[in-house]
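Just so we're on the same page: letters track the sequence lines, and every chain starts at 1.
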Amino acid sequence: MSFSCFIKLFAAALVLSLLGYYSAGLFGMETPAGSVFATGLLIGCVAGGLLVALYPVSSADESDTDAASSGTSNLYVGNLPFNAGPDDIKNLFAPYGEVVDIRMVKDRRSKRFKGYAFVEMNSAGAQAAIKHLDNNDYAGRTLRVNEAQKKGEA
DNA sequence: GTTGAGCGTT
């Protein structure tokens, strides 16, 4: 979420700075290219800041309505192989429901995967995933899939 | 490139 938001901000700033650069060129300004690009960067930063100030409202509203309509719940997924990635988890849970979010827990210090993750998906799919994936063999290990205890979402 | 029970991070 935060990463995609940051990427969007960065992309918006970049695009708008280029826009400012070309618009300055359209005005026929004969200023040095460096200052023109600097002005474009300034415009891009201001516009990007405004965009980010407006963006979370609509985004939160959309996600809230989506979460409320689908009824998401998070699952605790443990005993995962260390070489598993978000795509593997997504592929595991995708057949049972709509996977909204995947958070892989890694060690805060070493940034390494700790072997368990949290998957947020719609409640029906969550129950189906628990029924089908819990205590099942995956890559030589017994998968643990249960409802998460904390950080629950309404 | 390391590890193996575990309910978390921005």
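With the nearest nucleotide of DNA chain B identified for both A:E147 and A:N83, A:N83 has the one nearer the 5' end. A residue-by-residue look at A:P81 and A:K106 shows that A:P81 has its nearest nucleotide of DNA chain B further toward the 5' end.
Judged by atom type and distance alone, A:D107 does not reach the base of B:dG6 through any side-chain donor-acceptor pair under 3.5 Å.
For the pair A:R144 CZ and B:dG6 P, the computed distance is 6 Å after rounding to whole Å. Distance, A:N146 CG to B:dG6 P: 12 Å, rounded to whole Å. Atom CZ of A:R112 is separated from atom C1' of B:dT2 by 6 Å (rounded to the nearest Å). In this structure, A:L80 atom CG and B:dC7 atom P are separated by 14 Å, rounded to whole Å. Regarding A:N74, its CG atom lies at a distance of 17 Å from the P atom of B:dT10, rounded to whole Å. If you measure from atom CG of A:N79 to atom P of B:dC7, you get 13 Å, rounded to the nearest angstrom. Counting to the nearest Å, the P atom of B:dT10 and the CD1 atom of A:I102 are 18 Å from each other. Taking atom CZ on A:F113 and atom P on B:dG8, their separation rounds to 14 Å, with Å as the unit.
Side-chain atoms of A:Y76 and A:Q149, non-hydrogen and from C-beta on, never get closer than 4.5 Å to each other. Counting heavy atoms from C-beta on, the side chains of A:N146 and A:D134 come closer than 4.5 Å.
Of all nucleotides listed (B:dT2, B:dC7, B:dG6), B:dC7 comes nearest to the side chain of A:A148. The listed nucleotides are B:dG4, B:dC7, B:dG8; the one nearest the side chain of A:F82 is B:dG4.
Using bins of under 30°, 30° to 60° and over 60° for the plane-to-plane angle, the ring pair A:Y96/A:H132 lands in the tilted bin.
Using a 4.0 Å heavy-atom cutoff across all strands shown, A:R108 reaches no nucleic acid atom at all. Using a 4.0 Å heavy-atom criterion, one finds that A:G78 contacts no nucleic acid atom at all. Within 4.0 Å of A:L75, counting heavy atoms only, lies no atom of the nucleic acid at all.
A:L143 CG to A:I130 CD1: the interatomic distance, rounded to the nearest 0.5 Å, is 11.5 Å.
Under a hydrophobic clustering in which Ile, Leu, Val, Met, Phe, Trp and Tyr are joined whenever their side-chain heavy atoms come within less than 4.5 Å, directly or via other members, A:L133 and A:Y138 fall into the same cluster.
In this structure, A:F118 counts as stacked on the base of B:dG8 under the 5.5 Å centre distance and 30° plane angle limits.
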